[in-house]
Amino acid sequence: PVQWKRTTGCSGGVTSVEAAPAGLTEPIFDPGKSSDRLAPEAIGRLMGRLIEAQDLYKSTRGVHSSALTDGEDVWIQVEDIGRHNTLDKIAGRVLLEGIALTRRILITTGRISSEMLQKAARLQAPIVISRTSPNTLSIRSARELGVTLIGYARRDAFQIYTHPERIPGASLEGPSIR
């Protein structure tokens with residue numbers, strides 16, 4: 001990024017001033033693209049798999065977990081004390097292992113900040129699912145970038161914040177329960 005901004009978030013630091021990845025001024029994902037659709041029941045199934053695979057969390061209760069999936073298989077699952085670090089670890093593994101998925105979906109246990117959404121966009125993930133909530137700026141960024149943003153995902157329910165057209169039968173009007 002061209003410009004950085006000092007932050008006071010969870011641990012302080014710096015972040016890119018840009019809400020979207022460098023050079024992007026319009027949506028980078030087409031919410032109408034049929035190959036990016038995800039069945040509502042897959043959300044709970046994928047979140048369940050992420051939670052079940054949290055070995056370090058089970059012993060420490062102090063880490064976050066994130067995964068990269070194509071909607072069927074979990075390709076990468078990582079844990080770290082920092083929720084942002086989990087996406088960095090995924091990005092590194094994608095690069096080092098040459099993982100080329102035609103559909104990328106990110107699932108995380110961490111709160112979705114605008115920085116987390118930026119990282120998801122850089123990873124070319126048009127769907128981001130979290131066990132917790134997004135913040136206002138991440139919702140705005142997701143809307144602008146064409147990212148489907150889902151929060152409070154559980155095995156049997158989830159809340160969709162942007163672009164529900166990727167999730168058949170879902171809407172922005174309250175929790176979606178399967």
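Quick caveat: nothing in here was measured; it's all calculated off a predicted structure. These values consider heavy atoms only, across backbone and side chains, with no hydrogens, waters or symmetry-generated copies.
To the nearest 0.5 Å, atoms CD (Q159) and CD1 (I150) are separated by 10.0 Å. Atom OG in S141 sits 7.0 Å away from atom CD in Q118 (nearest 0.5 Å). Here the CZ atom belonging to R166 is positioned 8.5 Å from the CZ atom belonging to R37, to the nearest 0.5 angstrom. Atom-to-atom distance recorded for R83:CZ and T132:OG1 is 7.5 Å, nearest 0.5 angstrom. Note that CZ of R154 is 13.0 Å distant from CD1 of I43, once rounded to the nearest 0.5 Å. Note: S66 OG to I129 CD1 = 11.5 Å, rounded to the nearest 0.5 Å.
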Stepwise salt bridge (Lys or Arg N to Asp or Glu O under 4.0 Å) check, D36 with R103: CA-CA 6 Å; D36 288 337; R103 177 167 74 161; 5.9 Å; no
Worked verdict on E115 versus H84 for side chain to side chain contact (heavy atoms under 4.5 Å, CB included): CA-CA 8 Å; E115 295 88 359; H84 293 234; 3.5 Å; yes
Stepwise side chain to side chain contact (heavy atoms under 4.5 Å, CB included) check, H163 with V147: CA-CA 7 Å; H163 301 289; V147 173; 5.7 Å; no
Stepwise side chain to side chain contact (heavy atoms under 4.5 Å, CB included) check, W75 with V94: CA-CA 9 Å; W75 287 82; V94 165; over 6 Å; no
Verdict with supporting geometry, R45 and E72, side chain to side chain contact (heavy atoms under 4.5 Å, CB included): CA-CA 9 Å; R45 179 179 50 78; E72 298 297 324; 4.2 Å; yes
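Residue A142 comes nearest to L117 through the heavy atom pair N-CD2, 3.0 Å, listed as atom of the first residue, atom of the second, then distance. What you find for G71 and L38 is that their closest heavy atoms are CA-CD1, 4.1 Å. A pairwise comparison of heavy atoms in L50 and S65 identifies CD1-OG, 3.1 Å as the closest pair. The heavy-atom pair separating I139 from Y161 by the smallest distance is CD1-CD2, 3.6 Å. When all heavy atoms of S113 and N135 are compared, the pair lying nearest together is CA-ND2, 3.5 Å. Residue S138 comes nearest to S114 through the heavy atom pair CB-N, 3.7 Å, listed as atom of the first residue, atom of the second, then distance.
For the pair L106/L87, a side-chain contact is recorded, criterion being any heavy-atom separation below 4.5 Å from C-beta on. Residues V74 and L68 have side chains not in contact (no heavy-atom distance under 4.5 Å, counting atoms from C-beta outward). Between I51 and T109 the shortest side-chain heavy-atom distance falls below 4.5 Å. A heavy-atom distance below 4.5 Å is found between the side chains of M116 and T108. Annotation: side chain of M47 is not in contact with side chain of R155 (no heavy-atom distance under 4.5 Å). Contact annotation: the side chain of T86 never approaches that of K89 to less than 4.5 Å [non-hydrogen atoms, C-beta and beyond].
A donor-acceptor pair under 3.5 Å is formed between the side chain of T162 and the backbone N or O of L149. Judged by distance alone, the side chain of R104 and the main-chain N or O of L123 form a donor-acceptor pair under 3.5 Å.
More than 12 heavy atoms of other residues, nucleotides or ligands sit less than 6.0 Å from atom CD1 of I99.
In this structure, D70 has no salt bridge (charged side-chain N to carboxylate O under 4.0 Å, His left out) partners at least two apart in sequence or on a different chain. For R93, the salt bridge (charged side-chain N to carboxylate O under 4.0 Å, His left out) partners at least two apart in sequence or on another chain are E97.
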